[in-house]
Amino acid sequence: MRRPRRNRKSEAIRGMTRETEVLASDLIYPLFLLESPKAEIEVDSMPGIFRLGIDKMLGEIEQMMKLGVKAFDIFPVVDESHKDRVASNSYNPDFFYLKALSRIKMEFPESCIITDVAMDPYSTDGHDGLVENGKILNDESLVILGKMALVQAECGVDMIGPSDMMDARVGYLRDLLDENGYTDTSIISYTAKYASCFYGPFRDALDSAPKSGDKKTYQMDPANRREALLEAGLDFQEGADFLMVKPALAYLDIISDLKSSFDIPVAAYNVSGEYSMIAAASERGWLDRKSAVMEILTSIKRSGADLILTYFAKEFVNYRS
Ligand code: PBG
């Protein structure tokens with residue numbers, strides 16, 4: 001009789017038959033940068049996650065690198081007084097965020113530094129593109145995203161992450177980077193980025209929520225699966241080095257689809273709201289936090305993700321060490 005339980009009878013055998021194992025090198029740790037160098041402020045809706053000034057962030061990066069996580073996605077917390085309609089500080093080389101990126105790359109040349117290309121943290125409208133009469137303009141936004149990508153590349157970042165969902169932006173940014181000599185700067189494209197409620201705590205962290213309307217004219221409808229293949233086909237053709245699915249947990253089918261259809265690495269963004277759900281339930285004693293984190297990260301990898309952006313990166317490596 002075929003008895004599948006024989007392969008589960010001891011931890012030793014379960015270890016031998018285990019199909020998926022998350023490694024520290026699979027993880028990308030998102031970090032929120034504050035302007036004040038020594039500041040450290042917890043995000044109310046993400047208990048355990050701190051926005052950090054550059055001095056604190058350098059320490060955090062050093063510690064994570066020692067534990068085997070070498071990739072960081074860094075987002076700026078921009079004061080309202082530094083925002084404007086065209087997100088001009090996103091391409092102002094003297095802005096604290098860009099200076100911090102150069103410093104991080106100088107101090108940790110072996111790290112992989114990733115940036116977000118989208119207008120929302122810098123824009124008074126809180127949208128990823130340029131707003132005119134309530135509409136998000138596509139091609140006009142590309143020009144601003146291009147300026148942003150070039151200054152980020154100039155800071156030496158390893159990968160830029162267009163998260164704006166404007167049409168044709170991957171090709172536009174690839175050409176621009178190449179024309180300016182940044183042929184080695186990679187593009188990790190937010191390919192299938194859904195208009196999700198799970199970004200709420202991130203928008204609290206950056207104070208970047210849209211001032212009016214929502215993001216449904218550019219981010220994807222959560223009901224759509226085939227459309228992700230259309231987006232991925234375009235990003236692939238336009239030269240993306242990585243395809244990303246976001247959020248992760250409610251979109252495991254999309255991760256699986258992209259993994260089986262494209263021969264470039266697939267990343268999944270285990271987003272802020274997915275962190276907060278676990279944090280809140282475990283604070284109440286309703287879930288065992290460590291088991292939940294391990295199960296979730298394993299399931300994201302099992303579905304096909306080669307890389308996982310996750311706020312759990314630090315506790316994951318601490319559980320492991
Ligand atoms: C900005 C951006 C967002 C996230 C990453 N980049 C928010 C949004 O699109 O509204 C969300 C990340 C998270 O929730 O952890 N374009």
Side-chain angles (χ1 to χ4, degrees), residues 27-33 43-51 71-78 83 87 89-90 97 114-131 136 138 141-142 144-145 148-149 152 157 159-166 169-170 173 187-222 231 242 244-251 267-280 296-297 300 305 307-314:
L27 304 182
I28 298 172
Y29 194 27
L31 293 167
F32 304 127
L33 182 77
V43 182
D44 286 342
S45 50
M46 301 177 77
I49 297 297
F50 291 81
R51 288 163 286 203
F72 305 91
D73 195 353
I74 302 176
F75 298 90
V77 183
V78 181
K83 299 183 185 186
N89 274 321
S90 68
Y97 173 64
I114 304 169
T115 51
D116 214 56
V117 175
M119 288 172 61
D120 51 339
Y122 315 91
S123 140
T124 37
D125 293 303
H127 275 286
D128 295 21
L130 188 64
V131 183
I136 318 301
N138 195 88
S141 299
L142 295 186
I144 295 171
L145 299 171
M148 193 182 311
Q152 292 174 355
V157 306
M159 301 186 187
I160 60 161
S163 75
D164 54 285
M165 289 301 279
M166 295 302 119
R169 88 272 205 218
V170 172
L173 295 174
I187 299 182
I188 178 164
S189 177
Y190 287 67
T191 293
K193 178 172 180 181
Y194 287 87
S196 168
C197 74
F198 291 105
Y199 309 148
F202 173 97
R203 295 178 189 167
D204 293 343
L206 298 194
D207 189 21
S208 63
K211 298 281 160 48
S212 63
D214 53 42
K215 298 193 175 185
K216 290 181 186 166
T217 66
Y218 46 107
Q219 299 181 348
M220 289 172 58
D221 184 336
E231 286 286 357
F242 295 79
M244 193 199 297
V245 175
K246 178 182 173 189
L249 282 183
Y251 299 87
Y269 201 142
N270 176 214
V271 299
S272 56
E274 299 174 327
Y275 173 90
S276 303
M277 287 195 292
I278 302 298
I296 279 173
L297 295 180
I300 295 170
L307 294 165
I308 307 172
L309 294 97
T310 181
Y311 303 96
F312 293 120
K314 189 173 179 182

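The figures that follow rest on heavy atoms only: side chains count, while hydrogens, waters and symmetry mates do not. For ligands, and for the atoms within them, numbers begin at 1 and follow the listed sequence.
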### Message
Quick test of your reading of the model: are Arg169 and Asp164 salt-bridged, counting only N-O distances below 4.0 Å?
### Response
yes

### NZ/NE/NH1/NH2 to OD/OE distance under 4.0 Å, Asp120 and Arg203
no

### Task
Check the side chains of Thr191 and Glu231 for a donor-acceptor pair under 3.5 angstrom, ignoring hydrogens and angles.
no

### Query
Asp116 and Tyr190: side-chain donor and acceptor closer than 3.5 Å?
yes

### Task
Any chance you could measure Leu309, atom CG, to Tyr29, atom OH, to the nearest 0.5 Å?
12.5 Å

For ligand 1, output the ligand-protein N/O contacts shorter than 3.5 angstrom; if there are none, return none.
from, atom 1, to, atom 2, distance (Å)
ligand 1, 6 (N), Asp116, OD2, 3.2
ligand 1, 6 (N), Lys246, NZ, 3.3
ligand 1, 9 (O), Lys193, NZ, 2.7
ligand 1, 9 (O), Lys215, NZ, 3.4
ligand 1, 9 (O), Gln219, NE2, 3.0
ligand 1, 10 (O), Arg203, NE, 2.7
ligand 1, 10 (O), Arg203, NH2, 2.7
ligand 1, 10 (O), Lys215, NZ, 2.8
ligand 1, 14 (O), Ser272, N, 3.3
ligand 1, 14 (O), Ser272, OG, 2.7
ligand 1, 15 (O), Ser272, N, 2.8
ligand 1, 15 (O), Tyr311, OH, 2.6
ligand 1, 16 (N), Asp120, OD1, 3.4
ligand 1, 16 (N), Asp120, OD2, 3.1
ligand 1, 16 (N), Asp128, OD2, 3.0
ligand 1, 16 (N), Ser163, OG, 2.9
ligand 1, 16 (N), Lys193, NZ, 3.1

### Message
Please report whether the ring centroid of Phe32 lies less than 6.0 Å from that of Phe202.
### Response
yes

